[in-house]
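First comes the structure, then the notes that go with it.
In this text, all values refer to a predicted model and were calculated from it rather than measured experimentally. When reading the values below, keep in mind they use all heavy atoms of this one structure, side chains included, and skip hydrogens, waters and symmetry mates. Chain naming here is simple, since letters A, B, ... match the order of the sequence lines and numbering starts at 1 in each.
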Protein chains: 2
Amino acid sequence: MKSVIPVTTLEIKTACSQCNLRELCLPFGLDPNEVDQLDELVGSRRKIKRQQHLYRSGDTFEAIYAIRAGSFKTDVILEDGRDQVTGFQMTGEVLGLDGISTEHHSCNAIALEDSEVCVIPFGRLEELSRQVESLQHQFHKIMSREIVRDHGVMMLLGSMRAEERLAAFLLNMSQRFTARGFSPSEFHLRMTRDEIGSYLGLKLETVSRAFSRFQEEGLVAVQQKHIRILDTPGLKRLLNHHAV
Amino acid sequence: MKSVIPVTTLEIKTACSQCNLRELCLPFGLDPNEVDQLDELVGSRRKIKRQQHLYRSGDTFEAIYAIRAGSFKTDVILEDGRDQVTGFQMTGEVLGLDGISTEHHSCNAIALEDSEVCVIPFGRLEELSRQVESLQHQFHKIMSREIVRDHGVMMLLGSMRAEERLAAFLLNMSQRFTARGFSPSEFHLRMTRDEIGSYLGLKLETVSRAFSRFQEEGLVAVQQKHIRILDTPGLKRLLNHHAV
DNA sequence: GGAGCCCTTTGATCCACGTCAATACGATTT
DNA sequence: AAATCGTATTGACGTGGATCAAAGGGCTCC
């Protein structure tokens, strides 16, 4: 027997239970019944066009966002105009956690391509995670993962040389594409050299030169934003074989 | 009428309700009854001698720690020996959040001086925060604050010059000492030039030279680890007046 | 309270990355 | 298919901070 569901509902409602990203996202570790409860609180989806803001620094914090399609960057801007990209986010990753601390967002989230997010009203998430232990724990893990990730970036910015930073970046991207079922060795970067540079604490020329160098050495094949990793162990060696 | 409490209990039990750090720490925003519940789960205190580890990278994660006295640094170490200080923590701040994500700590926490922490078993904290909404929210704020702080460090490492980094560091220390009721302008640094350098992505010689430069310019008076800030606006100007 | 050692300062030199500049490429629009 | 504009590459040169080196200075631990 089939249950009859109006088409409109299917279109309007977000359904974590149907989402192929649930293993990466908030529903991870929840049983089907709990996922249904989560489904109910995920109010709506929101489409964000390329280059548009999902939220801005200073905006009142109301919800966190799970990326359903597309990708984003987050950045912080100083009064004098300097900016720093603090991260690139892919599908299944959560945006907006910075806003909890002061009830206002402290960075900008900008779509790198036409994207779609699930809006998760934060008050309701806290409410449900008081009832659903596995949801509470998964949410805590996601926040903690963000902290660990940031420590990795600090290591990168604080103690690595340009080529090491780029190698670490490429290996990280590769790993995240893999986790999403894409090729580990061939992918399309959504961000510019300037944005990569900002993230890695380098100028865009330095990023470009490092790419060229990797290409010369047969580590990767670079064609603009299209990357093919030819020698993963070689990239990894670059990271650890640092002459002390 | 006075209630009679055995002296031993007073000594053994931690008491958030009695702690003058409660406005900075987990109890913030809780009503007295809720603080009592928190008191019950704070199992024990632990004394850590200078230079000793509170936990090490790889250790199984069991608890988070609130600093009751003293101060700590956290660092990450790469296989090739390079290390990066990811933060300095003072009284009332919480350590160990990195461990939630994988059930294992991902950094080292080392006491900068003889210190004492309150051990907060994490499972029980999650349990209680399912019952006490204000505790849940305060915990989320603390995690979020850590993320925002890390973004600030990324900005510092990614887009500031040496003297700007040190100025930002000093202003940050000043502000945190102030929040703890100490002088905003005169304090004692617990960490070495090398540790400051690691945190700021600089070599210790560069840190030392920047201190000397600040002294020449009358911004601060430096005597080893004893710092007197003479011109706070001057330091702030250094941060924002960056020639683009 | 003295010995030893770690920490800090300062100078001289080097080099990785930044800066400036010119050109080339590619996606989008018309 | 040409025009336009943002993006990327590459070269030449400059510089901020790293590195190497050598004194001092002040804790810490007997």
Hey, is the main chain of G99(B) close enough, under 3.5 Å, to the side chain of S101(B) for a donor-acceptor pair? no

In terms of side-chain geometry, is the basic nitrogen of E23(B) or R180(B) positioned less than 4.0 Å from the acidic oxygen of its partner? no

Exercise: identify the closest heavy-atom pair between D98(A) and S106(A): OD2-N, 2.9 Å

Set of salt bridge (charged side-chain N to carboxylate O under 4.0 Å, His left out) partners for R209(B), sequence neighbours left out: none

Without swapping roles, check the side chain of R68(B) against the backbone of G92(B) for a donor-acceptor pair under 3.5 Å. no

Tell me which residues in residues 71-79 of chain A lie within less than 4.0 Å of DNA chain C, going by non-hydrogen atoms. none

List the atom of R145(B), the atom of L24(B), and the distance in Å for their closest heavy-atom pair. NH1-O, 4.0 Å

For the residue pair F187(A) and F182(A), is the inter-centroid distance of their aromatic rings smaller than 6.0 Å? no

Most 5' of L202(B) and H188(B) on DNA chain D, judged by nearest nucleotide: L202(B)

For chain B, the stretch of DNA chain C it reaches, first to last nucleotide, under 4.0 Å of its heavy atoms: dT8(C) to dA12(C)

Touch check for G201(A), heavy atoms < 4.0 angstrom, all strands: base, sugar-phosphate only, or nothing? sugar-phosphate

What are the bounds, 5' to 3', of the part of DNA chain D that sits under 4.0 Å from heavy atoms of chain B? dG16(D) to dG26(D)

For L204(B), answer base if it contacts any base atom (sugar-phosphate contacts may also be present), sugar-phosphate if it contacts only those atoms, and nothing otherwise; contact means non-hydrogen atoms under 4.0 Å. base

Report yes if the distance between the aromatic ring centroids of H104(B) and F61(B) is under 6.0 Å, otherwise no. no

Could you report the tightest heavy-atom contact between F72(A) and L112(A), atom names first, then the distance? O-CD1, 3.6 Å

Note the angle between the end axes of the helix from dG1(C)-dC30(D) to dT30(C)-dA1(D), five pairs defining each, rounded to 10 degrees. 70°

Identify, residue by residue, the members of residues 206-229 of chain B with a heavy atom below 4.0 Å from DNA chain D, and return them in order of residue number, or none. T206(B), R209(B), Q224(B)

Candidate list E113(A), R190(A), R176(A), test side chain to side chain donor-acceptor pair (under 3.5 Å), partner S71(A), passing option: E113(A)

